[in-house]
Amino acid sequence: MPARVAVAADQDGPGGRLQPLAEDGTPLGEPVRVRDLAAAVAEHEAAEAPRWVWAATDEVYGRLLPRLPASRLARCHDVKLVEPLLLGQEDRYGQPRSLGAAWARLHGLPVPADLPEGSAASDADQDTLFAPDRTRLPPGADPLQALVAVHAEQQRRIAATAEPGRIRLLCAAESAGGLVAAEMAFDGLPWSAEVHDQLLYDLLGSRPGGGGQPAKLASLSYELQQALGGKPLNPDSPGQVLRAFAEQGISLTTTRNWVLRDLDHPAAPLLLRYKELSRIHAAHGWAWRDTWARDGRFRPEYVVGGVVSGRWASRGGGALQIPRILRAAVVADPGWRLVVADAGQLEPRVLAAMSNDPGMIRAGAAGDLYAGLAADAFKGDRARAKLGLLGAMYGQTSGETGQLVAVLRRRFPQAMGLVEAAARTGESGGVVRSQLGRVCPPPSASWLDLTEGAGPASDTGDDSAARDTRSRGRFTRNFVIQASAADWALALIAGLRRRLAAIPVATDGDRPRLVFFQHDEVIVHTPAQLSDAVRTAVADAGEEARRLVFGATPVQFPLDTHVAESYLDAKGGSDDEDEDADG
DNA sequence: GTCACGTGCGCC
DNA sequence: AAAGGGCGCACGTGAC
């Protein structure tokens, strides 16, 4: 029985070719041509559940999904997701990642650039040197043979890394993320047009015809204009707003919210309200829904590995920035529930686990890590403890927060030592890694030019070289935490996906589905009667992720899990998810 | 008209 | 007090 099977779909039509492989990528027998690729894949899956090997999950699996049984596929190896992880291991960061690029490198041929993500391949691919699909193979190359060769090479490269076990896990987790992303795009997030409409009506008034301005915005805009002297004013133009305030004798340098909140002038609250509503109208209004949330599902596109830290990015619809107020529109189907789980205080817990700092471990053991920190070092002032710790992880050094960081440095030397070592590595031009070994990008050539000889210790002032150096330090400081949190989250969704698939269901259509993932939070859409099974799956997956990524750490990564009909209800009224631990 | 950029704000 | 990391998106602005 093959451990793996490589898949190449035909350019058009439902057929394709399969090549059984040994675990190390060696072909077992001859490739098999099939007329119905989805049926053949489903048959293999039922028989032996191999790890599927393909050029890119979003394309191959995305096309198979509609024709696969509801049980879908368990595991894959995504060559295009794995390639940049391995390039990072080999000090070759940033090279093109397509199958064609990897194949060209393997053969010492000119390497094709990656196509811009999201563009239709046929549009962007004006040159005729490479395939019209996104594999970027030259026309002479056989896609299946190229896939088999590149995959075997990737397996060899994984084995050649310093810690093959970790990198193998990282590659598997990233590939599993590809499966999840494709399925979430396919299944969509349940979205109630009725609730969304009601929200928009309450906030903005009736939907304007012809894309005009909603009534509430028009009247706010008029009131604002009157409050600022009565001259015509576009509230969306920061320049005009600043000039209008100046004419009222108020000198501002920016119109940011935090400035306006402290401003004692009748125009300030009007402008704040205008900004709030106009943003909802522009970013998540009727036009947004027409485009992204049709037929009861919000279907964004997720970009696995779209952030260098391993976080996902999204393309279109702002999937990872759904405003809190609109979460009321995320509503389960009748008879179904949303199981919403978020990992509270994930990043400080990651820091505690990575650094093994005894004080931080103690602080987290009681449940609320910030409160524990506060009891230990800030006379119980939780807000200051939280501010200080976030400052330490983000690189804040100035102002009051800088002093809080100094307190933390004395009380939690191991934890602070870890982030500060990461910062120093970055400042001196080095790279840092996540817990599973994801490598951060090296500094750019221009960074090296600019900062040459201008080490942070030799700061002569606030010249741009020193600023760039510090900025690089903040980036690497944060990278070790953010990227390791992403490691954990990927392991979480991979394990959760596997457990959800194992939950027995009455009928095929009634399966729990992972429908949302946002850095440290997941939503599962499930038949109501399976809610408890899903809760268990979430908790078990979190525990498994902890063990896989952090080994024997005593640090817990508790998942705050709620079952509800709407996302808003599940999240409660807290305006700070870190505070959820309080109640 | 398109494009790149800056501003500002949503999320983590 | 406003020199904290990572994103995506809409808008205004200025260059072409």
Side-chain angles (χ1 to χ4, degrees), chain A residues 117-118 234-242 252-262 271-272 274-285 287-288 291-292 300-303 305-327 342-347 350-351 386-405 419 422-423 426 432 440-441 459 461-462 464 466-486 489 516-522 571 575-578:
Chain A
E117 289 292 333
N234 177 0
D236 289 320
S237 165
Q240 287 185 33
V241 171
L242 289 182
L252 303 176
T253 55
T254 168
T255 62
R256 291 208 166 98
N257 284 343
W258 62 265
V259 170
L260 295 174
R261 271 199 294 270
D262 293 340
L271 182 53
L272 283 169
Y274 175 89
K275 285 184 174 201
E276 187 186 355
L277 295 184
S278 110
R279 182 176 169 79
I280 289 183
H281 176 236
H284 288 94
W288 174 88
T291 308
W292 296 106
E301 208 176 325
Y302 299 93
V303 186
V307 183
V308 292
S309 65
R311 278 187 174 181
W312 293 9
S314 68
R315 193 163 44 228
L320 303 182
Q321 299 121 254
I322 302 171
R324 280 175 186 273
I325 188 171
L326 283 188
R327 294 179 178 183
D342 76 271
Q345 308 175 333
L346 177 58
E347 295 198 343
V350 164
L351 175 56
K386 177 178 173 180
L387 205 61
L389 190 51
L390 292 176
M393 292 190 299
Y394 290 160
Q396 176 110 334
T397 54
S398 64
E400 195 195 350
T401 305
Q403 294 172 16
L404 301 178
V405 174
V419 289
V432 295
C440 83
D459 281 358
D462 225 19
S464 65
R467 273 200 307 277
D468 272 30
T469 298
R470 285 196 299 270
S471 166
R472 172 81 189 165
R474 285 192 300 274
F475 169 67
T476 51
R477 170 194 294 264
N478 184 251
F479 182 93
V480 293
I481 307 296
Q482 187 184 114
S484 301
F516 190 64
F517 167 54
Q518 182 182 38
H519 311 314
D520 60 358
E521 177 176 7
V522 294
K571 288 293 280 186
D575 65 351
D576 178 350
E577 70 174 20
D578 289 326

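Keep in mind that what you see is a predicted model, and the values were worked out from it rather than measured. In what follows, chains carry the letters A, B, and so on, assigned in the order in which the sequence lines appear, proteins first and then strands, with residues in each chain numbered from 1.
Note on A/Arg477: every side-chain N or O is 4.0 Å or more away from OP1 and OP2 of C/dG6. Phosphate proximity of B/dG8 to A/Asn257: absent, as no side-chain N or O sits under 4.0 Å from OP1 or OP2. Within the 4.0 Å cut-off from OP1 or OP2 of C/dG5, at least one side-chain nitrogen or oxygen of A/Arg474 is found.
In this structure, the CD atom of A/Glu301 is 12 Å from the P atom of C/dG8, given to the nearest Å. Rounded to whole Å, the distance from NE2 on A/His281 to P on B/dG8 is 22 Å. At whole-Å resolution of the value, CZ in A/Phe517 and P in B/dC11 are 18 Å apart. Here the P atom of nucleotide B/dC9 and the CG atom of A/Leu320 are 21 Å apart, to the nearest Å.
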For nucleotides 12-16 of chain C, print each protein N/O atom paired with a nucleotide N/O atom at under 3.5 Å, atom names and distance only.
{"unit_1": "C/dG12", "atom_1": "OP1", "unit_2": "A/Asn234", "atom_2": "ND2", "d": "3.0"}
{"unit_1": "C/dG12", "atom_1": "O3'", "unit_2": "A/Ser237", "atom_2": "OG", "d": "3.4"}
{"unit_1": "C/dT13", "atom_1": "OP1", "unit_2": "A/Ser237", "atom_2": "OG", "d": "2.6"}

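Each of A/Ser314 and A/Asn478 lies near DNA chain C, and the nucleotide nearest A/Asn478 is the one positioned closer to the 5' end.
Remark: side-chain polar atoms of A/Gln518 are paired, donor with acceptor, to backbone N or O of A/Leu320 under 3.5 angstrom.
A donor N or O paired with an acceptor N or O is found under 3.5 Å between the base of B/dC9 and the side-chain atoms of A/Arg279.
Listed candidates were B/dC11, C/dC7, B/dG8. Nearest to the side chain of A/Thr254 is B/dG8.
Stacking annotation: A/Tyr394 is not stacked on the base of C/dG4 (requires ring centroids less than 5.5 angstrom apart and an interplanar angle below 30 degrees).
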